[in-house]
Amino acid sequence: MTRLQAVPLEGGKALEDLGTREIARVMVKVQGMRREKVEDLKSLTISMAKAKKEATTAHARAFLGLEGRPQEERTQTAKLAAADAVFAMDVAKGDLKACEVSMDILKDDWDTCRSIGANERAQASAVEGYGS
């Protein structure tokens with residue numbers, strides 16, 4: 001279910017059957033959801049940066065802690081020490097990507113509402129002579 005499908009519509013109507021005022025209410029709701037996603041994006045970007053810092057720090061500490069050991073041993077030990085932090089970073093990256101995709105879907109929802117509203121105005125103008 002897209003976010004737009006989750007918006008309660010008047011009397012169980014389909015989106016394409018809504019009038020101009022109803023579409024306007026849906027558009028206001030979609031705009032609110034878009035604003036919330038901007039805040040989510042900000043928060044998730046910070047989480048991603050923190051996770052990347054943790055992974056980099058864990059790797060570096062483990063690597064530097066094995067000074068004098070063979071290069072390959074240091075590298076593999078550092079990777080193992082940072083594995084959980086790298087996993088957390090990958091999860092944060094996935095959350096960030098999902099938020100970006102959600103924002104794209106909300107933009108599509110907004111554009112759909114605009115198109116339906118424009119179509120209704122064009123029909124009213126042609127049939128009822130509004131705007132002439």
Side-chain angles (χ1 to χ4, degrees):
M1 174 181 291
T2 69
R3 294 285 222 158
L4 187 57
Q5 289 171 326
V7 174
L9 302 177
E10 302 287 326
K13 291 181 183 177
L15 182 64
E16 57 273 11
D17 296 329
L18 297 180
T20 304
R21 289 180 187 210
E22 295 163 315
I23 287 290
R25 284 195 296 273
V26 172
M27 290 177 79
V28 168
K29 181 69 174 171
V30 169
Q31 275 302 92
M33 288 188 276
R34 290 173 78 184
R35 286 186 179 91
E36 289 171 11
K37 279 296 162 194
V38 169
E39 290 303 313
D40 290 348
L41 185 64
K42 179 181 175 182
S43 174
L44 290 168
T45 300
I46 291 168
S47 295
M48 173 63 189
K50 286 179 181 177
K52 185 174 184 177
K53 177 187 173 199
E54 290 297 320
T56 302
T57 302
H59 186 276
R61 281 193 180 124
F63 187 86
L64 294 172
L66 296 173
E67 194 172 326
R69 300 273 181 100
Q71 175 75 28
E72 186 61 25
E73 180 184 348
R74 293 175 77 188
T75 299
Q76 293 308 315
T77 301
K79 284 182 180 180
L80 182 60
D84 287 341
V86 169
F87 175 77
M89 183 178 71
D90 288 342
V91 169
K93 190 185 299 183
D95 290 344
L96 184 61
K97 180 65 178 169
C99 182
E100 291 169 346
V101 169
S102 182
M103 291 178 81
D104 289 343
I105 290 169
L106 285 169
K107 183 186 180 317
D108 290 345
D109 291 345
W110 173 263
D111 291 343
T112 298
C113 288
R114 284 185 51 193
S115 294
I116 291 169
N119 186 48
E120 183 175 297
R121 287 188 303 278
Q123 284 179 332
S125 178
V127 173
E128 300 167 15
Y130 294 130
S132 53

Give me the atom names and distance for the closest heavy-atom approach of [X] to [Y].
| X | Y | value |
| --- | --- | --- |
| Ala81 | Ala58 | O-CB, 4.1 Å |
| Leu41 | Cys99 | N-SG, 3.6 Å |
| Met103 | Val38 | CE-CG2, 3.7 Å |
| Ala82 | Ala55 | CB-O, 3.7 Å |

Transitively linked via ILVMFWY side-chain contacts under 4.5 Å: [X] with [Y]?
| X | Y | result |
| --- | --- | --- |
| Trp110 | Ile116 | yes |
| Met33 | Met27 | yes |
| Leu44 | Leu106 | no |

Run the salt-bridge test on Asp104 and Lys107 with the 4.0 Å N-O cut-off and return the result as yes or no.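 Here Asp104 does not pair with Lys107 in a salt bridge, since their nearest N and O are not under 4.0 Å apart.
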
To the nearest 0.5 Å, what is the distance between [atom1] on [X] and [atom2] on [Y]?
| X | Y | atom1 | atom2 | answer |
| --- | --- | --- | --- | --- |
| Asp95 | Met48 | CG | CE | 10.5 Å |
| Arg21 | Arg25 | CZ | CZ | 8.5 Å |
| Ile105 | Thr112 | CD1 | OG1 | 11.5 Å |
| Leu64 | His59 | CG | NE2 | 10.0 Å |
| Arg69 | Arg74 | CZ | CZ | 10.0 Å |

Test your reading of the model: is there a side-chain donor-acceptor pair from Ser43 to the backbone of Glu39, 3.5 Å cut-off? no

Donor-acceptor contact present, side-chain Ser102 to main-chain Ala98, <3.5 Å: no

4.5 Å side-chain heavy-atom contact, Phe63 and Gln71: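 Heavy-atom side-chain distance check passes, below 4.5 Å.
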
Could you check whether atom CD of Glu73 has more than 12 heavy atoms from other residues, nucleotides or ligands sitting under 6.0 Å from it? yes

